[in-house]
Amino acid sequence: SKEVGLRKVVGSTRSGLIRQFLSESFLLTILSTMIALALAGLFLPEFNQLLGKSYQIGTLLSSSVILGLVLLVGFVSLLAGYYPALVLSAMRPAEVLKGKIQSTTRGVQLRRSLVVFQFFISIGLVIGTLVVMDQLQFMEKQSLGFDKDQIIVLNAARAVSPNPNAYETLINELKSLAKVEDVTFTNALPGIAGWPGQVAYPEGKTGDDAISVEYMAIDERYLSTLGLELVAGRGFEKARPGDWKDGLVLNEKAVSSFGWSSPAEAIGKKITSPSGYPAGVVIGVVKDYHVEGLQRSIGPLAMDFAPQNSYLYAIRYKASETESLIGGIGKVWQKLFPGYDFNYFFLDKSFEQQYQSEHRMASVFGLFGVITIVIAVIGLLGLVSFMVVARTKEIGVRKILGAGSFTIARLVSAEFMLLVVVANVLAYPLAWYFSSEWLQTFAYHTTVSPVLFLLTFLISLIITMITVGYQTLKAAMSDPVKSLRYE
């Protein structure tokens, strides 16, 4: 400010000062952009891993990115340079040389508003992160209605065996392994769809009464392998080969969709389908279970005994010596499917991949939350330093009149605590609204807990106390005589 006063004394015009401020602001913005681009290139691999993308350095040099950077640099330069230039150049040289710009209400209010805005953004991101993490925890703890742990899945979609009885042989040899408890052959598992969207009609219905169901090809070991619960009738059994041709097993949602009042009523009812899948007589009903993530509601399922339509082997095993078990399974596979890759995965890991976008969102929100908090703290530090300097004489007078260091520190800190409280109050309604709207996209979801807002409030206050505490205590413990002599 004093430099501006000196320049005005020696004849610098207002427009000249504004041009100087804008040019300096432009150079600083260019330098910041270059540093940002260098950091972006340095952290690009971590960024790709975080978002599941494959961006290259060349992406930063595309025409659209360059145009966006040019516009951003111009906007930031104008915003950062024009306002202070306009304010300082409008003041009389004598006022500027005395540093009276520090005491203007307009400048102080701008700084306060910026601090509130920065914390407003930070608080919103922190609440968003906590809501996403809370929903993830809710989904991961929710009962799915089936057992997904300790199940290895083999994909035999492309494997052809010279053994015409490979299906039965593989299952028998797998079951002979010490750690294997059960094996099933199917075309669908939780997280892996069978044939969705199949048209089916309940007994006595046609035309517009069609129901869209997911067709699943299973064998007699499917229910036991996945730990599904029968609520009516029976599953497929070796002792009842007559069920294999016409029998169907439904879930509870399919029973209600077909218009039957209870699982018991559905037993013995016929189902028809233009494609023949599913078609037959209902012999059993299983309790509803989640074949998809909790983002989607449970849909109607129809299970048919059809190993000929299957390609997945699901193996339930005892939770010990997994590596040796996989080695044993691999040997059985190579014996029956020589020359074909041994592809396997764990059902629990496969099912959890449906929550990847939510995990990624939590990571992104958390990262940007930390970044905005750091920016807000830097802004708060600047405001604290400015306010402490502006109130140096006031602090000295209060100390001479008997005020203690902690009393003065508390007095100075109270204003900044109030700014953070205002930021919280402004952020809560929007954070609650958008969080609630996001949760509504899930068929099964938690609610926005008040505890999350309380936790965010405490976090913001603690950060503010730590940021402000050192500066205010330092000012409060300074020599009052030196404070009164301060210019």
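Within 6.0 Å of the CZ atom in F342, the count of heavy atoms belonging to other residues, nucleotides or ligands exceeds 12. For F368, the CZ atom sits in a loose shell: 12 or fewer heavy atoms of surrounding residues, nucleotides or ligands are nearer than 6.0 Å. The environment of K253 atom NZ is sparse: at most 12 non-hydrogen atoms of other residues, nucleotides or ligands sit within 6.0 angstrom. Residue W432 places its CH2 atom among 12 or fewer non-hydrogen atoms of other residues, nucleotides or ligands, all under 6.0 Å distant. Counting heavy-atom neighbours within 6.0 Å of Y433 OH, excluding the residue itself, gives a total of 12 or less. Within 6.0 Å of CE on M417 lie more than 12 heavy atoms contributed by other residues, nucleotides or ligands. Taking a 6.0 Å sphere around CD of E323, one finds it holds 12 or fewer heavy atoms contributed by other residues, nucleotides or ligands. Within a 6.0 Å radius of NZ in K205, other residues, nucleotides and ligands contribute 12 heavy atoms or fewer.
Judged by distance alone, the side chain of Y201 and the main-chain N or O of G207 form a donor-acceptor pair under 3.5 Å. A donor-acceptor pair under 3.5 Å is formed between the side chain of N187 and the backbone N or O of A217. With hydrogens and angles disregarded, a donor-acceptor distance shorter than 3.5 Å links the side chain of S176 to the backbone of E173. Formation of a donor-acceptor pair under 3.5 Å by the S363 side chain with backbone atoms of H359 is found in this model. At least one donor-acceptor pair under 3.5 Å links the side chain of T129 to the backbone N or O of F365. Without hydrogens or angle criteria, E237 side chain to E220 main chain gives no donor-acceptor distance under 3.5 Å. Between the N251 side chain and the M303 main chain, no donor and acceptor come within less than 3.5 Å of each other. Q354 contributes a side-chain N or O that, together with a main-chain N or O of F351, makes up a donor-acceptor pair within less than 3.5 Å. Y428 contributes a side-chain N or O that, together with a main-chain N or O of F453, makes up a donor-acceptor pair within less than 3.5 Å. Between the side chain of D134 and the backbone N or O of L130 there is no donor-acceptor pair closer than 3.5 Å.
Going from atom OG1 of T184 over to atom OH of Y222 covers 7.5 Å, rounded to the nearest 0.5 Å. Of the inter-residue distances, the one linking I371 atom CD1 with I121 atom CD1 reads 13.5 Å to the nearest 0.5 angstrom. Taking CG from L177 and CD1 from I329, the interatomic distance works out to 6.5 Å, rounded to the nearest 0.5 Å. Of the inter-residue distances, the one linking S297 atom OG with D288 atom CG reads 10.0 Å to the nearest 0.5 angstrom. With values rounded to the nearest 0.5 angstrom, L72 atom CG is found 8.5 Å from T29 atom OG1.
Residues R316 and S224 share a closest heavy-atom pair of NE-O, 4.4 Å. When all heavy atoms are compared, the tightest approach of P162 to L336 is CD-O, 3.6 Å. Nearest heavy-atom pair, I283 versus G247, reported as atom, atom and distance to 0.1 Å: CG2-CA, 3.9 Å. The two residues Q198 and P278 come nearest to each other via the heavy atoms CB-CD, 4.1 Å. I218 approaches T186 most closely through the heavy-atom pair CG2-OG1, 3.9 Å. The two residues S122 and A376 come nearest to each other via the heavy atoms OG-CB, 3.9 Å.
Looking at Y444 and H290, their side chains come closer than 4.5 Å, going by heavy atoms from C-beta outward. You'll find the side chain of F119 stays beyond 4.5 Å of the side chain of L419, heavy atoms only. When side chains are defined from C-beta on, V377 does not count as touching I466, because their heavy atoms never get closer than 4.5 Å. No side-chain heavy atom of I298 sits less than 4.5 Å from a side-chain heavy atom of Y289. Within the 4.5 Å cutoff, side-chain heavy atoms of F120 are placed close to those of L430. In this structure the side chain of K318 never reaches within 4.5 angstrom of the side chain of Q150, judged on heavy atoms. Using a 4.5 Å heavy-atom threshold, the side chains of F185 and L170 count as separate. Within the 4.5 Å cutoff, no side-chain heavy atoms of V126 are placed close to those of L455.
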Residue pair Y340, V160: steps toward the side chain to side chain contact (heavy atoms under 4.5 Å, CB included) verdict: CA-CA 8 Å; Y340 290 94; V160 178; 3.5 Å; yes
Derivation of the side chain to side chain contact (heavy atoms under 4.5 Å, CB included) call for Q295 and Y355: CA-CA 9 Å; Q295 301 95 326; Y355 302 143; 3.5 Å; yes
Worked check of side chain to side chain contact (heavy atoms under 4.5 Å, CB included) between W438 and V132: CA-CA 9 Å; W438 179 75; V132 174; 3.9 Å; yes
Criterion side chain to side chain contact (heavy atoms under 4.5 Å, CB included) on I123 and F457, from CA distance to verdict: CA-CA 8 Å; I123 290 164; F457 181 72; over 6 Å; no
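Here F337 and W333 bring their ring centres to under 6.0 angstrom of each other.
Of the N and O atoms on the side chains of D219 and S310, not one donor lies less than 3.5 Å from an acceptor on the other residue. There is no side-chain donor-acceptor pair under 3.5 Å between D304 and Y277.
Using a 4.0 Å cut-off between a side-chain N of Lys or Arg and a carboxylate O of Asp or Glu, E352 and K148 qualify as a salt bridge.
In this structure, Y313 and Y167 have tilted ring planes: the angle between them lies in the 30° to 60° band.
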